[in-house]
Each structure stands twice: as structure tokens, then as C-alpha cells.
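Below is one structure, written out as C-alpha cells, with a few remarks after it.
Naming convention: chains lettered A, B, ... in sequence-line order (proteins, then strands); numbering from 1 in each chain.
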Amino acid sequence: MIALVDCNSFYASCEKVFRPDLQDKPVVVLSNNDGCIVAMSKEAKDLGIKRGAPLFKCRQQLKDQESLCFSSNYTLYQDLSNRVMALLARETSHIEVYSIDEAFLSVDSPPSATREWGLEIIKIISQNLGIPVSVGVGRSKTLAKAAATLAKKSPQGYFAMLPSMEERVLKEIPVHKIWGIGPSKADYLLSRSILTAWDLRNMDDWDVKKTMTLVTLKTLWELRGKPSIEDEDPQTDKKGILSSLGFSSPIKEKQELQRAVASYMSRAVRKLWSQNSQTSNVTVFIMTNRFKENYYFKEYSQRLENPSSYLPELIKAALNCLEHLFIRGLEYHKAGVLLHGITPEASVQLDLFSERNNSRDRISLVVKEMEQRYGRDILKPLASAMEDRWAMKRELLSPAYTTCWEELPRVY
DNA sequence: TCTGGGGTCCTAGGACCC
DNA sequence: TCTGGGGTCCTAGGACCC
């Protein structure tokens with residue numbers, strides 16, 4: 001059996017950990033730039049607030065209820081997540097950390113003791129970290145996921161879908177709630193009168209393979225209790241790196257866009273460095289407000305002659321892309337940089353006529369070392385070093401309770 | 001006024017090769 | 001009118017996830 005351990009309202013729960021005064025209050029966490037709502041405590045959910053809703057549309061409602069908003073504090077969430085995962089790892093022979101707030105665990109206990117094991121996990125995480133979690137158990141990841149959804153509704157936060165219960169339970173689950181079935185596939189299934197998880201489970205393999213995808217076929221097998229979705233290997237390097245962010249206020253000037261793009265590139269390159277890789281393809285995109293008329297979105301890619309992780313060269317490529325995109329007179333809301341064709345540094349193929357450029361390697365090395373010693377922003381490319389007028393809006397940020405000496409919570 | 005960011009995987013179709 | 005067969009690789013774009 002497989003268990004899915006899922007933190008309840010994770011971001012909101014993290015905010016509550018160091019604010020006992022908020023224990024029973026509605027809490028919501030906002031996206032970057034304090035734009036929309038990405039997480040809510042149970043109390044906020046009960047108010048009928050929807051995930052993904054823009055803040056300005058529910059501001060009044062939140063005010064009426066004395067709820068509290070927070071800007072997203074990823075430093076805090078990632079740190080608490082690491083602690084949750086470390087505790088979970090002690091309770092199982094195998095753990096797959098699936099996302100910042102979820103992990104699949106293999107269930108080692110005999111069936112008769114599984115319930116105690118699950119409840120013990122909930123207790124451990126709650127006592128050590130103050131984070132509420134739910135545990136769902138099933139014969140496959142997809143079944144464990146479905147069980148976890150039901151666990152959230154149960155008072156103890158635990159639900160095991162035993163094989164004997166599968167038919168009854170799956171008949172109650174609408175097809176669009178199944179992990180891996182998004183809006184588009186749900187629509188298609190509905191049009192064929194496949195309404196529940198049980199209906200999908202009983203479809204013909206070839207039919208599914210032919211009219212949908214292999215992924216859906218695997219989902220179907222999983223619903224039948226046959227594990228078919230493999231673990232993702234956390235060691236494997238990223239295949240694409242994206243760094244993009246909306247501006248806190250619109251940008252008109254090309255020069256400002258250039259600074260933003262240069263700065264996004266230096267973030268992307270840092271991710272590249274952290275996995276010791278090089279990139280061979282740079283893409284830049286810019287866009288105006290997509291909710292307004294005359295929406296403009298355009299991207300431009302440039303292939304590099306040789307794979308590179310040399311920041312100045314990559315910034316130059318990005319700025320060159322920007323030249324193909326920029327139109328004067330528009331108000332830009334967002335830009336981004338994508339790196340593709342990523343290869344490990346060790347196996348990079350140079351073309352016949354180029355030589356490995358040692359001085360570049362040394363510059364990158366010095367930058368890396370200085371960042372390690374003095375912190376991330378000690379060196380910035382000049383192209384991005386001016387004032388960041390467009391920088392992210394985070395007006396409601398909570399302290400970095402666990403990762404910054406100055407911001408440790410005080411006990412009086 | 002204000003509407004997130006960062007990923008993965010799959011498929012179709014074109015270019016190219018023998 | 002007739003116009004091989006079987007591959008690989010790459011890219012764009014869709015779908016889905018948290």
C-alpha cells in the first residue's frame with residue numbers, strides 16, 4: 001500500500017505556526033505581487049473564497065471577516081517543508097517528496113496496524129511543527145491521492161481505501177476530481193458519459209490509449225489498483241529553467257525592460273549553476289496585461305553557438321532577443337527568460353573550432369564563490385543593477401522566522 | 001488601480017536519413 | 001494515373017500538476 005501525506009492548507013498553516021493568535025482566524029496567502037489568492041486556511045475556505053481569485057475582488061469580504069492576508073514567504077514555506085519531509089522520512093522505508101506540501105510513503109506496517117501508523121504520523125507532524133496533515137492510503141498513488149482528499153473531510157485526517165471498498169468509493173468520485181484528469185479530459189469523458197472514477201476504471205484499455213493518452217491509460221491502471229506511475233527522480237537535472245515575474249507596475253521604457261530581463265537572466269543562470277549545467281537555447285518573452293484589449297504576447301528564441309553558463313554572454317543573448325520583441329508605446333506587465341537544451345557541464349560538446357575559454361570559467365567561479373561567502377546579491381550584472389522600480393510587491397510579508405537571525409521569533 | 005510562477009510529459013508534424 | 005518504408009530527432013503546443 002502507498003500513503004500520501006498532504007499538508008492541509010500548507011502556506012496558510014505555515015503562517016499560523018508562529019502566530020498562535022491567528023489559530024482560528026481566516027488566513028489567506030497571496031501570489032507574487034500580492035495579486036491573487038493561492039492558499040487559504042479552512043476558515044477562509046468556509047467563507048467561500050476561491051483559490052486563484054484576484055485579491056481586489058474579495059478584499060471587502062476579507063475585511064468584513066477580520067481575516068489576515070500574507071504575501072507569499074517561500075523561504076519560510078520551503079524551510080518548514082524540509083522539516084516535515086525529514087520527519088516523514090523516519091517513518092518509512094521509502095519516501096518520494098512529490099511537491100512542497102506532499103509526499104508518497106510506502107506503507108511498511110501490516111494491514112492491521114496501518115491505521116495506527118497513519119494517525120501517528122499526523123500526531124508527529126502536529127506536535128513537532130504545528131502543521132496539520134492528512135494521510136490517504138491506497139493500492140496506488142492515484143488511489144492514495146483520492147483517499148487523501150477524503151481524509152481531509154474526516155475528523156481524524158486519515159482515510160484508507162481498502163481494496164474491498166474501492167468500488168463503493170470510486171463510484172462517488174466525479175471523474176474531474178481524479179489526479180491527472182484536467183478540465184479538457186474531463187470534458188471529453190463527460191461527453192462519453194464517463195461520469196465517475198469507477199466508470200473510467202472500467203473503460204477499455206485500447207479505447208483509452210487510442211482516444212486519449214498513455215498517461216490516462218496509466219491513471220486507469222492505477223484506479224484498478226496496479227501501481228503504474230513511477231517515482232520522479234529528484235536527482236535528475238531540470239530540462240528547462242524558467243524565470244519570469246510580473247512587474248509591480250507597468251513598464252513602457254525599453255531600458256527598464258532590459259534591466260528586468262537581465263535580472264531574470266541572472267536568476268535563471270544561478271539555477272543553471274546550482275546543477276552544474278550549461279544551456280544552448282535562450283528564449284525571452286514579454287507581454288502586456290492579458291485582461292485588457294490589444295493584448296500583446298511575443299517570444300523569441302536564440303540558439304547559442306556553444307552551450308554556455310557564462311552570465312554576460314547569456315544576458316547579451318537575452319537582450320538581443322528583446323530587440324525582436326519590443327514595440328514602443330505598449331505597457332508591459334510581465335517578462336520572462338527560459339533556458340532550454342540544458343546539458344551537464346562535464347559532457348558539453350564544443351564545436352571543432354572553439355576552445356574552452358578558461359578566463360570565463362574563472363570569472364564564473366569567482367562569482368559563485370563570492371555569492372557563497374557574502375550572499376546572493378553581492379554581485380549583480382551592471383545591466384540589472386539600477387533601481388528595481390518594477391520589483392515584486394510584497395507588502396504583507398511575514399518574517400523569515402526560521403532562516404534569519406534578526407527575524408527569529410522572540411519569547412518574552 | 002489590482003488577475004502567480006515553475007515545472008513535467010505527451011503528441012503531432014516536419015526535416016532529414018538510409 | 002502512378003509516386004516506398006521505416007526510422008530518428010527536433011520543435012511547437014497542449015494538458016496537467018502544485
Side-chain angles (χ1 to χ4, degrees), chain A residues 4 6-11 28-39 49-60 62 69-74 77-78 81 96-104 141-142 145 148-149 176-189 208-219 228-234 236-250 264 267-268 271 275 280-281 283 285 287-292 295 297 299-301 303 331 333-342 392-396:
Chain A
L4 176 71
D6 192 328
C7 301
N8 302 345
S9 317
F10 184 56
Y11 296 174
V28 306
V29 177
L30 306 172
S31 64
N32 293 323
N33 282 322
D34 295 344
C36 39
I37 291 168
V38 293
I49 294 166
K50 290 271 172 293
R51 197 192 118 94
L55 175 62
F56 72 95
K57 283 191 180 169
C58 17
R59 200 161 243 155
Q60 195 54 50
L62 290 167
C69 293
F70 289 96
S71 304
S72 35
N73 185 345
Y74 287 103
Y77 311 150
Q78 189 60 61
S81 170
E96 181 199 8
V97 176
Y98 178 71
S99 75
I100 194 164
D101 72 334
E102 290 168 70
F104 290 106
K141 288 183 183 175
T142 304
K145 267 270 195 189
T149 311
H176 70 272
K177 298 270 186 188
I178 304 168
W179 187 43
I181 304 296
S184 156
K185 284 177 182 169
D187 280 352
Y188 171 74
L189 288 167
V208 169
K209 176 85 196 296
K210 214 166 53 193
T211 61
M212 304 181 74
T213 62
L214 181 60
V215 182
T216 314
L217 183 58
K218 285 185 178 173
T219 297
S228 307
I229 298 176
E230 312 230 317
D231 284 12
E232 287 163 20
D233 180 3
T236 52
D237 290 339
K238 306 239 183 304
K239 290 166 186 152
I241 290 173
L242 167 68
S243 168
S244 97
L245 210 50
F247 310 128
S248 49
S249 56
Y264 294 176
R267 276 208 306 163
K271 295 183 203 170
Q275 59 177 49
S280 55
N281 202 309
T283 302
F285 69 82
M287 61 197 270
T288 60
N289 188 338
R290 68 177 194 278
F291 297 96
K292 285 193 178 159
Y295 168 53
F297 170 96
E299 60 183 3
Y300 187 87
S301 300
R303 186 185 283 271
E331 292 201 334
H333 266 234
K334 184 173 173 178
V337 171
L338 291 103
L339 305 180
H340 269 116
I342 292 175
M392 188 162 42
K393 196 166 109 191
R394 298 212 291 185
E395 288 170 353
L396 307 163

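Nucleotide C:dC18 holds its C1' atom 12 Å from the CG atom of A:Leu4, rounded to whole Å.
At least one side-chain heavy atom of A:Leu338 sits under 4.5 Å from a side-chain heavy atom of A:Phe285. Looking at A:Glu331 and A:Thr288, their side chains never come closer than 4.5 Å, going by heavy atoms from C-beta outward. Taking 4.5 Å as the limit, some side-chain heavy atom of A:Lys209 sits within range of a side-chain heavy atom of A:Leu214. At least one side-chain heavy atom of A:Leu62 sits less than 4.5 Å from a side-chain heavy atom of A:Leu55. The shortest side-chain heavy-atom distance between A:Lys141 and A:Leu4 does not fall under the 4.5 Å cut-off.
A donor and an acceptor atom, one from each side chain of A:Lys185 and A:Thr216, are located under 3.5 Å apart.
Of the residues A:Asn73, A:Val28, A:Ile100, A:Leu30, the one that meets the side-chain contact (heavy atoms from CB on, under 4.5 Å) test with A:Tyr11 is A:Ile100.
C:dG5 is paired with B:dC18 under the criterion used here, namely a Watson-Crick or G-U wobble arrangement in which both key atom distances are under 3.5 Å.
We find that A:Lys271 and A:Asp237 are not joined by a salt bridge, their nearest charged nitrogen and carboxylate oxygen being 4.0 Å or further apart.
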Below 3.5 Å is the cut-off: list the nitrogen or oxygen pairs between protein and nucleotides 14-16 of chain C, distance only.
from: C:dC16; atom 1: OP1; to: A:Gly182; atom 2: N; distance (Å): 3.0
from: C:dC16; atom 1: OP1; to: A:Gly182; atom 2: O; distance (Å): 3.2
from: C:dC16; atom 1: OP1; to: A:Lys185; atom 2: N; distance (Å): 2.8
from: C:dC16; atom 1: OP2; to: A:Pro183; atom 2: N; distance (Å): 3.4
from: C:dC16; atom 1: OP2; to: A:Ser184; atom 2: N; distance (Å): 3.0
from: C:dC16; atom 1: O5'; to: A:Gly182; atom 2: N; distance (Å): 3.4

Checklist entry - For every nucleotide of nucleotides 1-13 of chain B, 5' to 3': is a protein heavy atom under 4.0 Å from its base (B), only from its sugar-phosphate (S), or from neither (-)? => result -BBBSSSSSSS--
